[in-house]
Amino acid sequence: LFQEQLQNWIRGNVSACPSSVFIFDEMDKMHPGVIDAIKPFLDYYEEVDGVSYRKAIFIFLSNAGGDLINKAALDFWTSGKRREDIQLKDLEPLLSVGVFNNKNSGLWRSSIIDRNLIDYFVPFLPLEHKHVKMCVRAEMTARGYIVDEKIVQAVADEMTYFPKEQKIYSDKGCKTVQAKLDIHEDL
């Protein structure tokens, strides 16, 4: 029933606006197989039931594969390479196979991966200490504060990092920067 409703919803939106953008968030929480309902819209057909889906964009967001991304980033660091040296070609094949075989992914054994219907797997790399500091500065600026590097450093230092020994990458990215800055604001 949900698959049919999803197809009808997409069909209705694209019929009204051919350049529709669909964002499926938290794919890792979606029941496996549900997303295969949209396969006909992604496949290589000119039209499906008289409607062209070639201008529609489908974006799938997921934490599935995050462990693979973190491991690859850590492997780069261990071999003396910078995070900025990681290229899409280094991660895309790994992510495609990893997400397809991950039972905790809404894309597990999905026909849209099996049939190569996903154009790009875009990894979100873990953030280093310097990136967290950039987030703190941006948040301070957004709040209209003068950027105080002592506070920037203090907030960045309060974040948790992994691996525990080296403390290279932020566990939560910049998600808790606002709350941590609130505490410093009160001081």
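These numbers come from a predicted model, not from an experiment. Start at 1 with the first residue, then count along the sequence.
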Next item on the list: For Ile57 and Phe22, run side-chain contact (heavy atoms from CB on, under 4.5 Å): C-alpha distance rounded to whole Å, both residues' side-chain angles, the deciding distance at 0.1 Å, then the answer.
Entry: CA-CA 6 Å; Ile57 297 172; Phe22 300 94; over 6 Å; no
Next item on the list: Kindly indicate, with the supporting measurements, whether the criterion salt bridge (charged side-chain N to carboxylate O under 4.0 Å, His left out) is fulfilled by Arg11 and Glu47.
Entry: CA-CA 11 Å; Arg11 190 175 296 113; Glu47 293 183 345; over 6 Å; no
Check: Yes or no on side-chain contact (heavy atoms from CB on, under 4.5 Å) for Thr176 and Met159, after CA distance, side-chain angles and deciding distance?
Finding: CA-CA 8 Å; Thr176 59; Met159 303 291 281; 3.3 Å; yes
Check: Can Leu127 and Cys174 be said to form a side-chain contact (heavy atoms from CB on, under 4.5 Å), step by step?
Finding: CA-CA 8 Å; Leu127 302 179; Cys174 286; 3.6 Å; yes
Next item on the list: Could you check Arg115 against Asp43 for side-chain contact (heavy atoms from CB on, under 4.5 Å), going step by step and ending with a plain yes or no?
Entry: CA-CA 8 Å; Arg115 299 247 311 123; Asp43 218 333; 2.9 Å; yes
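Proximity of Met30 to Glu26: side-chain heavy atoms (C-beta onward) are nowhere separated by under 4.5 Å. Taking the side chain as every heavy atom from C-beta outward, Tyr161 and Ile168 never approach each other to under 4.5 Å. Side-chain contact between Leu181 and Ile151 is present, with heavy atoms from C-beta onward closer than 4.5 Å. Looking only at side-chain heavy atoms (C-beta outward), Leu6 and Ile10 come within less than 4.5 Å of each other. Using a 4.5 Å heavy-atom cutoff, the side chains of Lys167 and His129 are not in contact. Between Leu95 and Pro123 there is a side-chain heavy-atom pair separated by less than 4.5 Å. The shortest distance between side-chain heavy atoms of Val34 and Phe2 falls below 4.5 Å. Put simply, the side chain of Val14 does not reach to within 4.5 Å of the side chain of Phe41, judged on heavy atoms.
Between the side chain of Arg82 and the main chain of Phe76, no donor-acceptor pair closer than 3.5 Å is present. Not one N or O on the side chain of Asp90 forms a donor-acceptor pair closer than 3.5 Å with the backbone of Ile86. At distances below 3.5 Å, at least one donor-acceptor pair connects side-chain atoms of Glu92 with backbone N or O atoms of Phe121. Listed for the His131 side chain is a donor-acceptor partner under 3.5 Å among the backbone atoms of Glu128. Proximity of a side-chain donor or acceptor of Asn8 to a complementary backbone N or O of Gln5 within less than 3.5 Å is not detected. Distance alone, capped at 3.5 Å, places no donor-acceptor pair between the Glu158 side chain and the Lys180 backbone.
Across all their heavy atoms, Ala64 and Ser62 have their closest contact at N-OG, 2.9 Å. Contact record, Asp25 with Leu61: OD1-CB, 3.6 Å, taken as the closest heavy-atom pair. Closest of all the heavy-atom pairs between Arg83 and Pro126 is NE-O, 2.6 Å.
The existence of a salt bridge linking Lys39 and Asp36 is excluded, since no basic side-chain nitrogen approaches an acidic carboxylate oxygen closer than 4.0 Å. Between Arg137 and Glu149, at least one side-chain nitrogen of the basic residue sits less than 4.0 Å from a carboxylate oxygen of the acidic one, meeting the salt-bridge criterion. A salt bridge is defined here as a Lys NZ or Arg NE, NH1 or NH2 lying under 4.0 Å from an Asp or Glu carboxylate O, and Lys130 with Glu84 meets this definition. Between Asp67 and Lys71, none of the side-chain N atoms (NZ, or NE/NH1/NH2) sits under 4.0 Å from a carboxylate O, so this pair counts as no salt bridge.
Side-chain contact check for Asp157 and Gln153: at least one donor-acceptor pair (N or O, by modelled atom type) lies under 3.5 Å.
In summary, the aromatic rings of Trp77 and Tyr169 are positioned with their centroids too far apart to meet the 6.0 Å limit.
Hydrophobic clustering, with ILVMFWY side chains joined whenever heavy atoms are under 4.5 angstrom apart, keeps Leu125 apart from Met134. A continuous path of ILVMFWY side-chain contacts below 4.5 Å connects Ile38 to Trp9, so both sit in one hydrophobic cluster. Linking Ile, Leu, Val, Met, Phe, Trp and Tyr whenever their side-chain heavy atoms come within less than 4.5 Å leaves Val97 and Val122 in two separate clusters.
How far CD of Glu4 is from CD of Gln7: 7.5 Å, rounded to the nearest 0.5 Å. If you take CD1 on Ile112 and CG on Leu42, they are separated by 5.5 Å, rounding to the nearest 0.5 Å. Within the model, atoms CD1 of Ile118 and CD1 of Ile59 stand 12.0 Å from one another, a figure rounded to the nearest 0.5 Å. To the nearest 0.5 Å, atom CZ of residue Phe124 and atom CG of residue Asn70 are 13.5 Å apart. Within the model, atoms OG of Ser96 and CG of Leu91 stand 12.0 Å from one another, a figure rounded to the nearest 0.5 Å. Of the inter-residue distances, the one linking Cys17 atom SG with Lys55 atom NZ reads 9.5 Å to the nearest 0.5 angstrom.
Other residues, nucleotides and ligands contribute over 12 non-hydrogen atoms within 6.0 Å of the CZ atom of Phe162. Heavy atoms of other residues, nucleotides or ligands lying less than 6.0 angstrom from CD of Gln166 number more than 12.
In this structure, Phe58 and Phe24 have parallel ring planes: the angle between them is below the 30° cut-off, well short of the 60° mark.
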